[in-house]
Structure formats: C-alpha cells, structure tokens
Amino acid sequence: MWAARGGRVGLEPTERRVRAVVAGTTIADSTHAQLLSLPPPYNAYAFPRDDVRWELLRESGAPVPMPGVGEVARWSVAAGGTVREDAAWTFPRPPQGLEALTELVVFRWHLMDAWYEEDDEVFVHPRDPYHRVDVLNSSRHVKVSVNGVVLADTHRARLLFETGLPVRYYIPKLDVMMELLEPSQTTSRCPYKGVASYWSVRAAETVHPDLAWSYKAPIPECPKIENLIAFYNERVELDLDEQRLDRPQTPWSVPQNTSQKDLDVRAKKPDTGTV
C-alpha cells in the first residue's frame, strides 16, 4: 500500500530538536536529526552519531538485511536498569543515494519510552511533513447504516481528508443513534489527531465491534472533530447525497482483536494506529 501510493525510502533534514528517552534517560538529543522515510511502521528519526549516548548501546545481534536500506546492524539500549534489545539500528553498507546513513543511528520508535519534538511529546511515529489533515464543514447528506439499520443521518457532517486514507465523516452525536452504540475499552493514538475512544454497535441482535470512534480531546492542530463520531467506511453502508459509496479496502476492513490498535502487527509493543 505504501509503495503503491508513491512511498519511497529517503532521508530529509529537519530543523526540529528531537529527543528519544528510555527510563527517564535521554538516549539521543539532536538539532540535526533527519527524517528517514520507510514503509510503515518504520518511519523514524535518524540521529548523527555525535548526538547519541554511545556508552548506553551494545551490539545485540548479527546484522540483518532490510529492503531499501541494505544491511542493518542491531544494538541494544541499557538505561535506568532497563534493557531494550534491538532498539537501535545502524547501516554499515547502505545503497547508493543513502550513503549518509553510515553516519546515522535510528532508534525504533515503539521501544523508546518517550519522544519529543522541541518540548512537545509526540506519539506513534514521526509526523510526515507532506501528510495533511483537512477538516471541512459540509451540508451534504450523509447516512450511515449497517445491515440495513440506520446508525446516523445528517446534513452537518465534518469531512476529514487525510493523505493516503479514505475520507472520514465526523457526525454530531445528536444525529447518531446513540442508543445503538456501546462504549468499548479500545483506544488508539494518531500523531495527527490525538487519542480516540471507540464504540461497538448493536444492531438487529448483532454486535459490530469497534465500528465507530471519537476524539474527545484532539490535539490543538485538529480541533474541529472534537466529540464528533465517525464510522469505519470499510464496514458500514455509507450513502452520500443518496448515492451508496464503495467500501474502501484498508487495514481496517477487518476488525482488529486488540484493545489498543496498532498498524504494525509485528511490533512487540502495540503503539496504536491512526484512523
């Protein structure tokens, strides 16, 4: 999906001060980090070696090949009595065009305890400077149903357009059949929107788990979706101006059996995915 949408491996400087923290210890602190674009979920910051606490790193395994960047040397990080195996990567023989990687160190995002851009903590993965989230008011007729049961009907939705994802239709609660929604324990985090909470839907004696979500307190950059409800286009019937929309095929087409959503099912520690 990433490659099909134009994604490619690349390095790009950032002027933000970036820090990675484990067990209260700052492992890396740099004003010269670079954004390393890789297939999700491996988008990462790459630090100059001089900005890394090398005394806290130990080689932790034989190098392994990785598509796009060549051979990767793995390092463990030990700080505050905590050891994180394979938490750092270096690149002894990167491919042509990425030679700068030989002087850089990447820390795996989900194996750090905290990340900071300047003095703001950031979550899930580095924000892509070319990734946009636009929320627009709309008077178009939006109706959401599942198996013929209407879940929402509105002319005042807010449409969220996010790079590389289907349009999401955020609907005021007054226009949602809230009696059909049951709060879920599931949460997810998005670096562009914040923390989402979920509802399952009980319709016609069938429970549809985690079918809708809402951001009770979105990050300041995305305030217009606060307390509105969106449903997975992938798993409902969605009519826009009386025309049935096709269901998009995405990682959310099938319900995820976890209380903390994660785009990277391979990660040892779930870190939640964006919706």
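Quick caveat: nothing in here was measured; it's all calculated off a predicted structure. Nothing fancy with the numbering, it's 1 onward along the sequence.
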State the CG-CG distance between Leu151 and Leu238, to the nearest 0.5 angstrom.
10.0 Å
Answer yes when Arg244 and Asp239 have at least one side-chain N-carboxylate O distance shorter than 4.0 Å, and no when they do not.
yes
Surrounding CG of Asp241 (heavy atoms of other residues, nucleotides or ligands, distance under 6.0 Å), is the total greater than 12?
yes
Hey, quick one: are Ile219 and Leu165 part of the same hydrophobic cluster, counting side-chain heavy atoms closer than 4.5 Å, chains of contacts allowed?
no
Any carboxylate oxygen within less than 4.0 angstrom of a Lys/Arg side-chain nitrogen, looking at Glu242 and Lys143?
no
With heavy-atom distances below 4.5 Å as the criterion, would you say the side chains of Arg49 and Trp54 are in contact?
yes
Val106 and Leu36 have their tightest heavy-atom pair at CG2-CD2, 3.8 Å
Do the side chains of Asp86 and Arg108 get close enough for a salt bridge, i.e. N-O under 4.0 angstrom?
no
Donor-acceptor contact present, side-chain Ser145 to main-chain Gly148, <3.5 Å
no
Interatomic distance, Glu59 atom CD to Arg74 atom CZ [nearest 0.5 angstrom]
10.5 Å
Between Ser139 (side chain) and Arg156 (backbone), is there a donor-acceptor pair under 3.5 Å?
no
A side-chain contact here means heavy atoms from C-beta on lying under 4.5 Å apart; do Phe231 and Tyr170 qualify?
no
Run Val201 and Thr206 through side chain to side chain contact (heavy atoms under 4.5 Å, CB included) and show every step you take.
CA-CA 8 Å; Val201 170; Thr206 300; over 6 Å; no
Apply the side-chain contact (heavy atoms from CB on, under 4.5 Å) test between Tyr215 and each candidate in Ile229, Ile225, Val195; give the one that qualifies.
Ile225
Least distance between heavy atoms, Glu85 atom then Ser60 atom:
OE1-CB, 3.5 Å
Student check: side-chain heavy atoms of Glu71 and Val64 closer than 4.5 Å:
no
Distance-only donor-acceptor check, side chains His155 and Asp175, under 3.5 Å:
no
Do NZ/NE/NH1/NH2 and the carboxylate oxygens of Asp120 and Arg17 come within less than 4.0 Å?
no
Looking at Val124, Val133, Leu160, which hits side-chain contact (heavy atoms from CB on, under 4.5 Å) with Tyr192?
Val133
Could you pull out the closest heavy-atom pair between Ala203 and His208, with the gap in Å?
O-NE2, 4.5 Å
Mind checking whether Trp115 and Phe107 have ring centres under 6.0 Å apart?
no
For Gln243, does the CD atom sit with more than 12 other heavy atoms under 6.0 Å from it, leaving out its own atoms?
no
Return the minimal non-hydrogen interatomic distance between Pro248 and Ser253, and the atom names on each side.
O-OG, 3.4 Å
Ignoring hydrogens and angles, tell me if any N or O in the side chain of Asp134 forms a donor-acceptor pair with the backbone of Phe161 under 3.5 Å.
no
How long is the span from the CG atom in Leu104 to the OG1 atom in Thr90, to the nearest 0.5 Å?
10.5 Å
What are the two closest non-hydrogen atoms of Tyr169 and Leu240, and how far apart are they?
OH-CD2, 3.7 Å
In the structure I gave you, are the side-chain heavy atoms of Val236 and Leu211 within less than 4.5 Å of one another anywhere?
yes
Is it the case that the side chain of Arg127 and the backbone of Pro191 share a donor-acceptor pair, with hydrogens and angles ignored and the cut-off at 3.5 Å?
yes
Glu55 meets the salt bridge (Lys or Arg N to Asp or Glu O under 4.0 Å) criterion, sequence neighbours left out, with Arg53
Mark yes or no for whether Arg84, through its side chain, and Leu111, through its backbone, hold a donor-acceptor pair below 3.5 Å.
yes
Answer yes or no: is there a side-chain heavy-atom contact under 4.5 Å between Pro129 and Leu35?
yes
Would you check if the side chain of Thr250 reaches a backbone N or O of Trp252 as a donor-acceptor pair within less than 3.5 Å?
yes
Mind checking the CG-CD spacing from Asp50 to Glu103? Nearest 0.5 Å is all I need.
9.0 Å
Between the side chain of Ser76 and the main-chain N/O of Arg58, is any donor-acceptor distance below 3.5 Å?
yes
After noting the C-alpha distance and the side-chain angles of Glu234 and Arg168, does the key distance pass the salt bridge (Lys or Arg N to Asp or Glu O under 4.0 Å) rule?
CA-CA 10 Å; Glu234 297 89 335; Arg168 299 302 188 187; 3.0 Å; yes
Backbone of Glu162 reached by a side-chain donor or acceptor of Arg132 within 3.5 Å
no
Counting C-beta onward and ignoring hydrogens, is there a side-chain heavy-atom pair between Pro218 and Lys224 closer than 4.5 Å?
no
Determine yes or no for a side-chain-to-main-chain donor-acceptor pair under 3.5 angstrom, with Arg93 supplying the side chain and Gly70 the backbone.
no
Are side-chain heavy atoms of Asn43 and Trp109 found at a separation under 4.5 Å?
no
Distance-only polar pair, side chains of Glu182 and Tyr198, donor-acceptor under 3.5 Å
no
Which of these, Ile27, Val83, Thr26, sits in a side-chain contact (heavy atoms from CB on, under 4.5 Å) with Leu56?
Ile27
Across all chains, not counting sequence neighbours, the ring-ring contact (aromatic ring centres under 6.0 Å, His included) partners of Trp89 are Tyr42
Is atom NE2 of His32 surrounded by more than 12 heavy atoms (other residues, nucleotides or ligands) closer than 6.0 Å?
no
Quick one: does Val135's side chain get under 4.5 Å of Leu159's, heavy atoms only?
no
Single-linkage hydrophobic cluster, 4.5 Å side-chain cutoff, Val21 and Tyr45 together
no
Would Arg19 count as a cation-pi partner of Tyr116, with NZ or CZ less than 6.0 Å from the six-membered ring centre and within 45° of the ring normal?
yes
To the closest 0.5 Å, what do you measure between CD (Glu221) and NZ (Lys193)?
12.5 Å
Is a donor on one side and an acceptor on the other found under 3.5 Å between the side chain of Glu99 and the backbone of Gly97?
yes
Quick check for you: to the nearest 0.5 Å, what is the distance between Leu228 atom CG and Ser214 atom OG?
6.5 Å
